[in-house]
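Bear in mind the structure is a predicted one, so any value in this text is a computation, not a measurement. Every heavy atom of this structure was used, including side-chain atoms; hydrogens, water molecules and symmetry mates were not.
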Amino acid sequence: MKSLIRRNYEKQPIADYPDYKSSSLRAPKNKNIYIPSSISEISGPKFDKNIIGKLDNDLTLNYSHNNKIPIGQKIIVHGKIVDQYYKPIEGALIEIWQANASGKYLHPNDQSNVPIDPNFCGSGRYITSSDGSYEFRTIQPGAYPYPNRGIEWRPMHIHFSIFGKSFGQRLITQMYFQGDPLIKLCPMINSIPNEKAKKSLISSLDLSLSETDKLLAYKFNIILRGYNQTFFENRKEGL
Amino acid sequence: MKNYDNFFDETPFQTAGPFLHIGCSPNSIGINNIFKNDLGVLPFEKESHSNFISISGSVFDGNSEALNDVMIETWQCNEKGEYIDGQGFARFSPNAETKKFTLRTIKPGIVKDLDGKFQSPHILMSISSRGINMNLNTRIYFEDDDLSNDTTLSIINQKDKINTLIAKKIDKFNYIFDIYLQGNKETVFLDI
């Protein structure tokens, strides 16, 4: 029977992580109860490619007014969505959100005294092609201060939400940037107890793209859960 | 039968933070010019179903405060117990003032599972927000259904815990389902 590979919590953030203050009143005190995959978890919403508009993955243009472009350094963020066997996932919905170049979110909850950019909303989405690849054009997000243990600074980051093939593969995470000195100070990334797992959230500078003579590119591959692979009568199942 | 355990680690989760609507439901915060519709506004086309129900509730933190910055996502089958492409997904947040959410949907049917067993009608739910490092998964069951043979509930196997997953019936079309992140009514969250 088809089932998801069981989640490894040693490579996932600790729910109740005291250095990240907001988790103290929101992290459940009891452990999650394991249930084996049923058809409910291995099915999931499918999103039609025709919902994606031409500029949905170009944040440098999708909120531009009167042909003006946002302020800041233009970058490419690209990569692949694969499963735990590195098999590309076609049709995965990726939604991203981020701060502008000054470190300000276009959101009523962001009360900071930092300017919005009238030509940048920080929202993008894409549905992966057959090789699982995606690409966004955006502006390098700024770091910004936020209240935690006193005032702390978030490293530059982009939020990612991904739907693969099933509800059990659902993932929400953040992508960081290679070389950012704020990463090692960040309690949100440090809530992950495994160094290799932390590093997997740091995108790497990618000079291989032909357009790097115009703009820098960062590569960020994302691994969603796979399905247990078992052989019955020499026939592969769950692939 | 052979198991293959050479696989890569799943990418780690990070909190969705307080600004998730920018990416997941921009129209709900006034970013109206980029995507035509927010996704998951209607889990089923209203015209095709006469038997819509409402499930309302709040998400409470450890101080018993109702939260309004969470995003809730649900996934369910239709009334015949079938998971259908393009149907069954909803995404919503509590109202900023009342801090109550309402999911308008159809009551899911009994689900025949892969092993031929039957699951009681249920809706999967995922909760994301600031302070939640990894989405919380749970299930909604319904008070007026036979829950005695459901696999998931039999694994939980404690009446007070099972009760946290059961929507209370108000009338034919209305249910209440509150979520408690902590405290003596803490909702059961599932490792799915």
Do you know which two heavy atoms are closest between A:Phe163 and B:Arg91, and how far apart they sit?
CE1-NH2, 3.7 Å
For A:Ser3, is it the side chain, the backbone, both, or neither that has a heavy atom closer than 4.5 Å to a heavy atom of chain B?
neither
Does the side chain of B:Leu67 come within less than 4.5 Å of A:Arg26's, by heavy atoms?
yes
Under 4.5 Å from a heavy atom of chain B, the part of A:Ile172 involved:
both
Max heavy-atom pair count under 4.5 Å with chain B, selected residue of A:Val82, A:Asn62, A:Leu171, A:Asn194:
A:Leu171
Which bit of B:Ile155 is near chain A, if near means a heavy-atom gap under 4.5 Å: side chain, backbone, both or neither?
side chain
Applying a strict 4.5 Å limit to non-hydrogen atoms, the region of B:Phe35 in contact with chain A is both
Rounded to the nearest 0.5 Å, how far does OG1 of B:Thr11 lie from CD of A:Gln12?
8.5 Å
Is it the case that over 12 heavy atoms from other parts of the model lie below 6.0 angstrom from the CD atom of B:Glu143?
yes
Side-chain contact, heavy-atom cut-off 4.5 Å: B:Gln14 with A:His157?
no
Looking at B:Thr138, B:Thr152, B:Asn33, which makes the most heavy-atom pairs under 4.5 Å with chain A?
B:Thr152
State, to 0.1 Å, how close A:Trp97 and B:Phe19 come at their nearest heavy-atom pair, and which atoms those are.
CD1-O, 3.3 Å
Take B:Ile34 and A:Asp56 through the test side chain to side chain contact (heavy atoms under 4.5 Å, CB included) and record every step on the way to the result.
CA-CA 7 Å; B:Ile34 53 164; A:Asp56 285 10; 5.6 Å; no
Between A:Ser22 and B:Arg130, a side-chain donor and acceptor under 3.5 Å
yes
Neighbour count >12 (heavy atoms, 6.0 Å) for atom CG, A:Asn67
no
Quick one: of B:Gly131, B:Pro18, B:Gly183, B:Gly62, who has the most non-hydrogen atom pairs under 4.5 Å with chain A?
B:Gly131
With only heavy atoms counted, which part of B:Leu136 is less than 4.5 Å from chain A, the side chain, the backbone, both or neither?
side chain
One should read off an interatomic distance between B:Phe13 CZ and A:Tyr9 OH, to the nearest 0.5 angstrom, of 8.5 Å
Contacting moiety of A:Tyr34, where chain B heavy atoms sit under 4.5 Å:
both
Closest-packed option against chain B by number of heavy-atom pairs under 4.5 Å, given A:Asn221, A:Asn30, A:Ile192
A:Asn30
Criterion side chain to side chain contact (heavy atoms under 4.5 Å, CB included) on B:Asn137 and A:Phe167, from CA distance to verdict
CA-CA 10 Å; B:Asn137 287 294; A:Phe167 207 70; 4.2 Å; yes
Between A:Arg170 and chain B, with a heavy-atom cut-off of 4.5 Å, which part of the residue counts as in contact: side chain, backbone, both or neither?
both
Are B:Leu20 and A:His159 close enough that some pair of their side-chain heavy atoms sits under 4.5 Å apart?
no
May I ask you to check whether over 12 heavy atoms, not counting those of B:Lys168, lie within 6.0 Å of atom NZ?
yes
Can you tell me which of A:Ala15, A:Ala27, A:Gly53 forms the most heavy-atom pairs within a distance under 4.5 Å of chain B?
A:Ala27
Nearest 0.5 angstrom please: A:His107 NE2 to B:His21 NE2, how far?
5.0 Å
Interface residue of largest heavy-atom contact number with chain A, from B:Leu124, B:Val59, B:Asp61, under 4.5 Å:
B:Leu124
Can you say whether B:Gln119 sits under 4.5 Å from chain A via the side chain, the backbone, both, or neither, judging by heavy atoms?
side chain
How long is the span from the CD1 atom in A:Ile33 to the CG atom in B:Leu165, to the nearest 0.5 Å?
8.0 Å
Taking side chain as C-beta onward, heavy atoms only, is B:Ile31 less than 4.5 Å from A:Tyr63?
yes
Quick one: are A:Ile35 and B:Ile192 in side-chain contact, heavy atoms under 4.5 Å?
yes
Side-chain donor or acceptor of B:Asn133 paired with backbone N/O of A:Ile14 under 3.5 Å:
yes
B:Thr151 and A:Ser38, any side-chain heavy atoms less than 4.5 Å apart:
no
Pick whichever of B:Ile132, B:Ile123, B:Ile156, B:Asp69 has the most heavy-atom pairs under 4.5 Å with chain A.
B:Asp69
Heavy-atom pairs under 4.5 Å with chain A: which of B:Trp75, B:Tyr83, B:Phe8, B:Phe89 has the most?
B:Trp75
Under 4.5 Å from a heavy atom of chain B, the part of A:Ile51 involved:
side chain
Taking side chain as everything from C-beta outward and backbone as N, CA, C, O, which of these in B:Lys112 sits under 4.5 Å from a heavy atom of chain A? Side chain, backbone, both or neither.
backbone
Counting only non-hydrogen atoms closer than 4.5 Å, does A:Pro28 touch chain B with its backbone (N, CA, C, O), its side chain (CB onward), both, or neither?
both
Which residues in residues 40-50 of chain A have a heavy atom less than 4.5 Å from any heavy atom of chain B?
A:Ser40, A:Glu41, A:Ile42, A:Ser43, A:Gly44, A:Pro45, A:Lys46, A:Phe47
Pick whichever of A:Lys11, A:Arg125, A:Lys29 has the most heavy-atom pairs under 4.5 Å with chain B.
A:Arg125
Any donor-acceptor pair under 3.5 Å from B:Glu10 side chain to A:Asn8 backbone:
no
With the side chain counted from C-beta on, respond yes when A:Ser200 and B:Asp9 share a heavy-atom pair under 4.5 Å apart, and no when they do not.
no
Need one label for B:Asn37: side chain, backbone, both or neither, based on atoms under 4.5 Å from any heavy atom in chain A.
backbone
With side chains defined as the heavy atoms from C-beta onward, is the minimum distance between B:Leu39 and A:Glu95 less than 4.5 Å?
yes
Counting only non-hydrogen atoms closer than 4.5 Å, does B:Asn135 touch chain A with its backbone (N, CA, C, O), its side chain (CB onward), both, or neither?
side chain
Checking B:Thr15 against chain A: side chain, backbone, both or neither under 4.5 Å from a heavy atom?
both
Highest number of heavy-atom pairs under 4.5 Å with chain B among A:Met188, A:Gln174, A:Lys196 belongs to A:Gln174
As an exercise, state the distance from OG of A:Ser23 to CG of B:Leu181, rounded to the nearest 0.5 Å.
11.5 Å
So which of B:Pro12, B:Gly23, B:Cys24 has the biggest tally of heavy-atom pairs under 4.5 Å with chain A?
B:Pro12
